[in-house]
Amino acid sequence: MKIATWNINGVKARLDAATLWLEEASPDIACLQEIKSVDEAFPAEAFERLGYNVTTHGQKGFNGVAILSKRPLEDPVRGLDGAPDDVQARYLEGVVSTDEGVVRVASIYLPNGNPVESEKFAYKLAWAERLIARAGELLANEEPVVLAGDYNVIPEPIDAKKPEAWTNDALFQPESRAFYRRLQAMGYLDAVRATTDEAVYTFWDYQAGAWQKDNGIRIDHLLLSPQAADRLETVEIAKDVRGRDKPSDHVPVIATLAV
DNA sequence: ATGGTGGCTGTGCCA
């Protein structure tokens, strides 16, 4: 089973690029972030034509996550516990059943958190704590779990072309990196880093020719529970997608699991 | 490089 994460930066602007990539790559599950659409306006038919079930957790203008799955997504969970007044749509989870068993997936859009001196960074860290709590609950089920998304965290210096340029950025703060390490210490495997020691990126800014200079960062991650990690076969970053017409600033990351 | 680009919105905000 192929499970992908992709921050598409607006589903309306990315509809052609998204359907083209889905036809080519044919992931069984695609976790999308930054759909920037309310649920009613999400162009579900375009994806249903490709054989996907569509589940969304949208919001007007910003944020918003979705899961496209060839098999039905069961028991959808929208949002994280712990902040009932939080209206930002950043978390969607569900279960897919296969002949081999079940896999639980989450589409995650962690807050960016810039600037660091603002309440936005505090919100990022508080949101990360709520994700840690949910991630712990899921471990107790001893199921294959894939926490897929745009974490807005650069884990290590190798994960940026110019790490020194990110010193004061929320994506590379010690607290942000510590949060990411905690998920791994709990038992979640960084699927990309488990399969390569190379410098690989998933995001290149639209500005200042970042793509042309390969000035990228690795912030889109697939974290696997032990039961999912045991079934990990391959991981791929669809870098070529960044060089196409009207690209997102992020590219898909895809893991193949034996489930 | 206190700039730069893009999406969605609404003439600014967010990334």
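The sequence lines fix the lettering, A, B, ..., with proteins before strands; numbering per chain opens at 1.
Between Gln207(A) atom CD and dA15(B) atom C1' the separation is 9 Å, expressed in whole Å. Phe121(A) has its CZ atom 14 Å from the P atom of dA15(B), to the nearest Å. Put simply, CH2 on Trp211(A) is 16 Å from C1' on dT5(B), counting in whole angstrom units. Note: CH2 (Trp204(A)) to P (dG4(B)) measures 24 Å, nearest angstrom. What separates CD1 of Ile8(A) from C1' of dA15(B) is a distance of 15 Å, to the nearest Å. Counting to the nearest Å, the C1' atom of dA15(B) and the CD1 atom of Ile217(A) are 11 Å from each other. Atom pair Glu164(A):CD and dA1(B):C1' shows a separation of 15 Å (rounding to whole Å applied). Between the CG atom of Asp205(A) and the C1' atom of dG7(B) there is a distance of 13 Å, given to the nearest Å.
Here Phe203(A) lies out of heavy-atom contact (under 4.0 Å) with every strand.
More than 12 heavy atoms of other residues, nucleotides or ligands shown are found within 6.0 angstrom of CD on Glu164(A). Counting non-hydrogen atoms of other residues, nucleotides and ligands closer than 6.0 Å to CD of Glu198(A) gives a total of 12 or fewer.
Checking dA15(B), dA1(B), dT9(B) against every side-chain atom of Lys213(A), the shortest atom distance belongs to dA1(B).
Between the Ser176(A) side chain and the Ala170(A) main chain, a donor and an acceptor come within less than 3.5 Å of each other.
The side chain of Lys120(A) contributes an N or O atom lying less than 4.0 Å from OP1 or OP2 of dC14(B). Side-chain N/O atoms of Arg90(A) include none lying less than 4.0 angstrom from OP1 or OP2 on dC14(B). Between Lys246(A) and the phosphate of dG7(B), there is a side-chain N or O to OP1/OP2 separation shorter than 4.0 Å.
Along DNA chain B, the nucleotide nearest Ala13(A) and the nucleotide nearest Glu34(A) are compared for position; the residue whose nucleotide lies closer to the 5' end is Ala13(A).
Relative orientation of the Tyr180(A) and His221(A) rings is tilted, given thresholds of 30° and 60° on the angle between their planes.
The same atom, P, is picked in dT11(B) and in dT5(B); the two are 23 Å apart, to the nearest Å. Across the P atoms, dG10(B) and dC14(B) are found 12 Å apart, a figure rounded to whole Å.
Aromatic ring centroids of Tyr151(A) and Tyr109(A) lie 6.0 Å or more apart.
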